[in-house]
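Following: one structure in C-alpha cells, then a few remarks.
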Amino acid sequence: MRILFLGDIVGRSGRDAFVERVPGLRAQLALDLVVVNGENASHGFGLSPEMARAFLAAGADVITLGNHAWDRREIIPYLEEERRVIRPINFPPGTPGHGAVVVEVPGHRRALVINAMGRLFMDPLDDPFRAIQAELAKHPLGRSVQATILDVHCEATSEKQAFGHSFDGLASLVIGTHTHVPTADHQILPGGTAYQTDAGMCGDFDSVIGMQKGGAALRFWRKMPGERLAPAEGEATLCGLFVETDDATGLALRVAPLRQGGRLSQALP
C-alpha cells in the first residue's frame, strides 16, 4: 500500500495548498491512502464541516484532529455523521465522535487509522497507550487490515517516541503531529513500523508554527496576553511522510519525507 500522511493544516494557505496539490500527488505517487491532520485548518483553531468536506473531496481518505478538536462547535454533530473525520481515541467515554476508523482502499484492502493525544504538557485525557492497544487488538495488522496508521498528537518528543517503540511491529506507521515542525528522524523501526516524531505542517513557514510571527513573538517578549493569533498567509509548504507497505504483513518497506512548495527544502519520494 502506498500511503501519504500530511501534517497539521494551518489556516487558509494550508487549506489552499492541500486542495490544489493533493489531487496531483495522488496521481503522481500512485497513492492508495491519504491521511491528514486538520485540527488547525479553521483560522488556526479547529475544523469546520465545510472545510472537512473540501479536504475529503480533494483526496483525503481520513482527517485526524487533536487538542483543538472542539474549537468549532459545529464539528460536533458532523463527527457523528462523517466517520472519516476522527478525534483522539482517549477522550473519555461518551465524547462525541470516534477515535478510529477502518476505510476501504483500492484492491479490496482495508486500512485502520487511529488518532490519539498525548498527556505530557497537554490536557490529561485517558490513557492513550491502553486505548490504542485495545483498538489494535480488534484489527490485527496483516490479517483484518492491510495497514494501520497511528497519528499521535503530542507536545513531547519523548512521548511520541514511546508510542513508536511501544507499537513497533503492530502498526504500519506511527507519526507525530501537533508541534508543526518536521523532524529529520524518519525511519523504519526494528519491528518494521515506519516512524517520524513530527510530520510538520501544511502552512506558511515564514511564521511561528503557522501563526503570524509578529504577534506570536511579542508574547514571548512581554509575557502578557495579546490579540488573538492569526495564521500566516504566505505560500504554504505541504509537509508529510510517504510510506510503502507490504500487504502480506502490513509493515513498512520504504519511508521518505514529502515537502512541496513554500520556503522549506523540497522533497518528493
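What you are looking at is a predicted structure, and each value in this text was computed from that prediction instead of being measured. Residue numbers start at 1 and run along the sequence shown.
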Same hydrophobic cluster for [X] and [Y], using side-chain heavy-atom links shorter than 4.5 Å among ILVMFWY?
| X | Y | result |
| --- | --- | --- |
| L258 | F18 | yes |
| V34 | V19 | yes |
| V152 | L173 | no |
| V101 | V105 | yes |
| L79 | I9 | yes |

Heavy-atom closest contact ([X] atom, [Y] atom, distance):
| X | Y | value |
| --- | --- | --- |
| A147 | M1 | CB-SD, 3.6 Å |
| I175 | A199 | CD1-CB, 3.6 Å |
| A41 | L47 | CB-CD1, 3.9 Å |
| A58 | V22 | O-CG1, 3.7 Å |
| K138 | S144 | O-OG, 4.2 Å |
| A100 | L112 | CB-CD1, 4.2 Å |

Are any side-chain N or O atoms of [X] and backbone N or O atoms of [Y], one a donor and one an acceptor, separated by less than 3.5 Å?
| X | Y | value |
| --- | --- | --- |
| Y78 | S48 | no |
| E104 | R110 | no |
| R87 | W70 | no |
| E82 | R84 | yes |
| R15 | M51 | no |
| S13 | A236 | no |
| E39 | D8 | no |
| T245 | L251 | no |
| D123 | L125 | no |
| N115 | L65 | yes |

Item to check | Pairs touching residues 247-257 that satisfy side chain to side chain donor-acceptor pair (under 3.5 Å), sequence neighbours left out | outcome: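 Checked against side chain to side chain donor-acceptor pair (under 3.5 Å) - neighbours excluded - the pairs reaching residues 247-257 are R109-D247.
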
Between [Y] and [X], is there a side-chain heavy-atom distance shorter than 4.5 Å?
| X | Y | result |
| --- | --- | --- |
| D151 | V113 | no |
| R72 | F45 | no |
| R259 | S265 | yes |
| E233 | D204 | no |
| M122 | P88 | no |
| H43 | R12 | no |
| T95 | P92 | yes |
| E155 | H178 | yes |

Between atom [atom1] of [X] and atom [atom2] of [Y], what is the distance when rounded to the nearest 0.5 Å?
| X | Y | atom1 | atom2 | result |
| --- | --- | --- | --- | --- |
| Q161 | S166 | CD | OG | 11.5 Å |
| N37 | F5 | CG | CZ | 5.5 Å |
| N40 | H68 | CG | NE2 | 5.0 Å |
| Q146 | D246 | CD | CG | 10.5 Å |
| L4 | D32 | CG | CG | 11.5 Å |
| I89 | D126 | CD1 | CG | 11.0 Å |

Next on the checklist: I'd like to know whether L141 forms a side-chain contact (heavy atoms from CB on, under 4.5 Å) with S172, so could you lay out the CA-CA distance, the side-chain angles of the two residues, the decisive distance to 0.1 Å, and finally the verdict.
Outcome noted: CA-CA 8 Å; L141 184 63; S172 310; 3.7 Å; yes

Next on the checklist: Walk me through whether L253 and I188 qualify under side-chain contact (heavy atoms from CB on, under 4.5 Å).
Outcome noted: CA-CA 8 Å; L253 299 171; I188 297 177; 5.8 Å; no

Item to check | Qualifying residues under side chain to side chain contact (heavy atoms under 4.5 Å, CB included), relative to Q266, sequence neighbours excluded | outcome: Q260

Next on the checklist: L241 vs V255, test: side-chain contact (heavy atoms from CB on, under 4.5 Å). Steps then yes/no.
Outcome noted: CA-CA 7 Å; L241 194 68; V255 57; 3.6 Å; yes

Checklist entry - Which residue pairs satisfy the salt bridge (Lys or Arg N to Asp or Glu O under 4.0 Å) criterion with at least one member in residues 158-178, sequence neighbours excluded? => result K160-D198

Checklist entry - Which is it for R263 and T237 under the side chain to side chain donor-acceptor pair (under 3.5 Å) test, yes or no, and what are the steps along the way? => result CA-CA 7 Å; R263 299 172 59 86; T237 304; over 6 Å; no

Checklist entry - Can you check side-chain contact (heavy atoms from CB on, under 4.5 Å) on F129 and N90, steps first, answer last? => result CA-CA 9 Å; F129 289 88; N90 53 317; over 6 Å; no

Checklist entry - Looking at E235 and R21, does any basic side-chain N land under 4.0 Å from a carboxylate oxygen? => result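 Yes, E235 and R21 are salt-bridged.
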
